Amino acid sequence: QLQLVESGGGLVQPGGSLRLSCAVSGFSLDDFAMAWFRLVPGKEREGVSCIRGDDGSAAYADSVKGRFIMSRDNAKNTAYLQMNDLKPEDTGVYYCATDVWMPGTTSGQRMCGRSFGTWGQGTQDTVSA
């Protein structure tokens, strides 16, 4: 069964860092894209970063460029999001997602030219003094 499980969220002061992990089970990451999205209070869910499965290229939202780094370890079937210089506006629930779709999925959210339709449960990150 395909499953994505996020971890690493928490409370951090402005300027601090967090590293999120997304452990994948039920399929191999090797050929599939992975992405991080976030749901910030008062806004729609937005794409934060993604890595394509075909060429490994990464993309970032303008709001996090230069501060966040996404990576993947295919041997561990895990994706990561290193978040540095965190700001209060980074507070939200962070979700990892893949462009592998489970049967019955009818819609996804696009980033990196891919449509992401399978999601983890999310992890809360709070940036506050």
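If you're wondering where the values come from, they're calculated on a predicted model, not measured in any experiment.
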Q: Grouping I, L, V, M, F, W and Y whenever their side-chain heavy atoms are under 4.5 Å apart, do Leu29 and Met111 come out in a common cluster?
A: no

Q: Can you list every salt bridge (charged side-chain N to carboxylate O under 4.0 Å, His left out) pair that touches residues 112-129, not counting sequence neighbours?
A: Asp99-Arg114

Q: Looking only at atom types and distance, does a side-chain atom of Gln82 sit under 3.5 Å from a main-chain N or O of Met70, one as donor and one as acceptor?
A: no

Q: With sequence neighbours excluded, what pairs up with Lys43 under the salt bridge (charged side-chain N to carboxylate O under 4.0 Å, His left out) test?
A: none

Q: What verdict does the side-chain contact (heavy atoms from CB on, under 4.5 Å) test give for Thr98 and Leu4, after you've listed the backbone C-alpha separation in whole Å, the side-chain angles of each residue and the deciding distance to 0.1 Å?
A: CA-CA 9 Å; Thr98 180; Leu4 284 68; 4.1 Å; yes

Q: Can you list everything that forms a side-chain hydrogen bond (donor to acceptor under 3.5 Å, both in side chains) with Glu89? Sequence neighbours excluded, please.
A: none

Q: Starting from the C-alpha separation in whole Å, work towards a yes-or-no answer on side-chain contact (heavy atoms from CB on, under 4.5 Å) for Phe116 and Arg110.
A: CA-CA 6 Å; Phe116 293 88; Arg110 293 192 65 83; over 6 Å; no

Q: With a 4.5 Å cut-off on side-chain heavy-atom distances among I, L, V, M, F, W and Y, is there a chain of contacts connecting Leu2 to Val5?
A: no

Q: Using the side-chain hydrogen bond (donor to acceptor under 3.5 Å, both in side chains) criterion, which residues pair with Arg45? Sequence neighbours excluded.
A: Gln109

Q: Would you say the side-chain atoms of Glu6 pair up with the backbone N or O of Thr123, donor to acceptor, closer than 3.5 Å?
A: no

Q: How far does CG of Leu86 sit from OG1 of Thr91, to the nearest 0.5 angstrom?
A: 8.5 Å

Q: Under the side-chain hydrogen bond (donor to acceptor under 3.5 Å, both in side chains) definition, can you give me all pairs with a residue in residues 51-60, not counting sequence neighbours?
A: Arg52-Asp54, Asp55-Ser57

Q: Tell me which pairs pass disulfide bond (SG atoms under 2.5 Å apart) where either residue lies in residues 13-51, with sequence neighbours left out.
A: Cys22-Cys96, Cys50-Cys112

Q: Considering non-hydrogen atoms only, spot the tightest contact between Val93 and Gly122 and give its length.
A: CG1-CA, 3.9 Å

Q: Is a donor on one side and an acceptor on the other found under 3.5 Å between the side chain of Arg72 and the backbone of Asn77?
A: no

Q: To the nearest 0.5 Å, what is the distance between CG (Leu20) and OG (Ser49)?
A: 9.5 Å

Q: Check whether Thr118 reaches the backbone of Val100 with its side chain - one donor and one acceptor, N or O, closer than 3.5 Å.
A: yes

Q: Without placing hydrogens or testing angles, list every side-chain donor-acceptor pair under 3.5 Å for residues 30-42, not counting sequence neighbours.
A:
residue	atom	partner	partner atom	Å
Asp30	OD1	Ser28	OG	3.2
Trp36	NE1	Tyr80	O	3.4
Arg38	NE	Glu46	OE2	2.6
Arg38	NH1	Asp90	OD1	2.9
Arg38	NH1	Tyr94	OH	2.9
Arg38	NH2	Glu46	OE2	3.2
Arg38	NH2	Ser63	OG	3.4

Q: Run the side-chain donor-acceptor check on residues 7-18: report pairs under 3.5 Å with partners two or more places apart or on a different chain.
A:
residue	atom	partner	partner atom	Å
Ser17	OG	Asn84	OD1	3.0

Q: Check whether Met83 and Tyr95 end up in the same hydrophobic cluster, where Ile, Leu, Val, Met, Phe, Trp and Tyr are linked by side-chain heavy atoms less than 4.5 Å apart.
A: no

